[in-house]
Amino acid sequence: MVSIPILAGSALLIVILASSIRVVRQYERAVIFRLGKIKKERGPGLFPLIPLVDKMVRVDMRVRELDVPKQTVISKDNVTLEVDAVIYYKVMDASRAIIEVEDFEAATLLLAQTTLRDILGQNELDTILSDRDDLNKRIKEILDSTTGPWGMHVVMVTMRDVSLPENMLRAIARQAEAEREKRARIILAEGEYQASKMMNQAADMYEDKPSALKLREYQTLTEIAKEKNLIVVSTGSDDGHRNSDLPLFMGLARAAVSNK
């Protein structure tokens with residue numbers, strides 16, 4: 001018959017052996033410390049640990065997002081605005097991410113907040129609103145160069161929202177309206193200028209050829225005659241130089257009779 005101490009010892013040995021087996025997923029890496037010193041980086045898969053000697057730290061190697069809370073920023077032209085951003089990063093070297101910095105995610109978040117305020121504070125409001133892509137690239141480069149020694153890589157930085165004060169929004173709306181009004185007046189002035197040039201050229205042509213002016217007059221009368229409720233009064237002419245007032249008087253007389 002097996003004694004109780006032997007059973008207890010066997011159970012304890014099984015527990016220790018079971019606890020010494022580790023499984024690391026495909027997207028994870030395990031940093032192994034042996035008696036406080038880093039030994040190797042393992043994974044993915046199954047591997048054993050020496051009980052009470054080895055300690056394992058898991059590191060996620062996938063791309064992760066970091067939400068930067070809204071930061072109050074004063075632009076170069078003294079405009080107060082609130083900006084929040086999203087940072088996408090991944091761990092490239094698990095051992096350095098554990099050894100070089102205490103908490104790489106918290107350190108990256110604080111660094112991102114400081115960098116965001118510094119970069120936006122060096123630019124005017126118009127630049128912040130229109131050149132977001134360039135600012136995102138500058139912030140990414142600074143973060144990537146700083147976090148590189150920590151075994152990390154910043155994949156992308158995106159400013160998600162830029163909030164402006166209400167009075168600044170009204171000022172921008174007035175500016176946009178004035179700009180549209182300016183463009184409309186310029187277009188109208190250009191149209192008037194082109195029309196005046198063409199009318200000047202037409203006047204020169206009519207002056208050289210009076211017959212063309214007479215044909216234009218007939219064409220205009222034809223267009224007016226399409227309206228049945230109008231009376232057309234033409235001055236008429238015996239030739240190209242003498243005008244007769246008789247048709248005018250006759251037209252006025254007809255109009256007076258028809259109005260009675």
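Heavy-atom basis, side chains included; hydrogens, waters and symmetry copies ignored.
- Here Arg138 does not pair with Glu141 in a salt bridge; the nearest charged N to carboxylate O distance is not below 4.0 Å.
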With a 3.5 Å cut-off and sequence neighbours excluded, list the donor-acceptor pairs that the side chains of residues 195-202 form with protein atoms.
from   : atom 1 : to     : atom 2 : distance (Å)
Ser196 : OG     : Glu192 : O      : 3.3
Ser196 : OG     : Tyr193 : O      : 2.6

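- Taken together through direct or relayed side-chain contacts under 4.5 Å among Ile, Leu, Val, Met, Phe, Trp and Tyr, Ile87 and Val73 form part of one hydrophobic cluster.
- Arg29 places no side-chain N or O within donor-acceptor distance of the main-chain N or O of Val57, the cut-off being under 3.5 Å.
- A side chain to side chain donor-acceptor pair (under 3.5 Å) check over residues 126-135, counting only residues at least two apart or in different chains, returns nothing.
- More than 12 heavy atoms of other shown residues, nucleotides or ligands fall within 6.0 angstrom of atom CG in Leu129.
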Listed pairs under 3.5 Å, donor-acceptor, residues 97-124 side chains, sequence neighbours left out:
from   : atom 1 : to     : atom 2 : distance (Å)
Asp103 : OD1    : Glu105 : N      : 3.3
Asp103 : OD1    : Ala106 : N      : 3.4
Glu105 : OE1    : Arg64  : NH2    : 3.2
Thr108 : OG1    : Phe104 : O      : 2.6
Thr114 : OG1    : Leu110 : O      : 3.1
Thr115 : OG1    : Leu111 : O      : 2.8
Arg117 : NH1    : Gln71  : OE1    : 2.3
Asn123 : ND2    : Ile119 : O      : 2.7

If you look only at distance, which donor and acceptor atoms sit under 3.5 Å apart when one is on a side chain in residues 153-165 and the other is two or more places apart or in another chain?
from   : atom 1 : to     : atom 2 : distance (Å)
His153 : ND1    : Asp144 : OD1    : 3.3
His153 : ND1    : Asp144 : OD2    : 3.4
Arg160 : NE     : Asp84  : OD2    : 3.4
Arg160 : NH2    : Asp67  : OD1    : 2.9
Arg160 : NH2    : Asp67  : OD2    : 3.3
Arg160 : NH2    : Asp84  : OD2    : 3.3
Asp161 : OD2    : Ser163 : OG     : 3.2
Ser163 : OG     : Lys70  : NZ     : 3.3

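- Legend: residues meeting side chain to side chain contact (heavy atoms under 4.5 Å, CB included) with Arg185, ordered by chain and number and at least two apart, are Glu181.
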Anything under 3.5 Å between a donor and an acceptor, one on a side chain of residues 34-56, the other on a protein residue two or more places apart or in another chain? List them.
from  : atom 1 : to    : atom 2 : distance (Å)
Arg34 : NE     : Asp54 : OD1    : 2.7
Arg34 : NH2    : Asp54 : OD2    : 2.9
Glu41 : OE1    : Ser95 : OG     : 3.1
Asp54 : OD2    : Ile50 : N      : 3.1

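- Residues Val31 and Val59 are in side-chain contact: their nearest non-hydrogen atoms beyond the backbone lie under 4.5 Å apart.
- Taking the side chain to side chain contact (heavy atoms under 4.5 Å, CB included) definition, one finds that Thr72 meets it with Thr80, Glu82, sequence neighbours left out.
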Full working for side-chain contact (heavy atoms from CB on, under 4.5 Å) between Tyr89 and Val63: CA-CA 5 Å; Tyr89 72 96; Val63 176; over 6 Å; no

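- Asp60 meets the side chain to side chain donor-acceptor pair (under 3.5 Å) test with Arg62; sequence neighbours excluded.
- Contacts of Arg174 classified as side chain to side chain donor-acceptor pair (under 3.5 Å), with partners at least two apart in sequence or in another chain: none.
- No chain of hydrophobic side-chain contacts below 4.5 Å, direct or via other Ile, Leu, Val, Met, Phe, Trp or Tyr residues, connects Phe33 to Val24.
- Side-chain contacts under 4.5 Å among hydrophobic residues (ILVMFWY), followed directly or transitively, place Leu188 with no other residue at all.
- Heavy atoms of other residues, nucleotides or ligands lying less than 6.0 angstrom from OH of Tyr88 number 12 at most.
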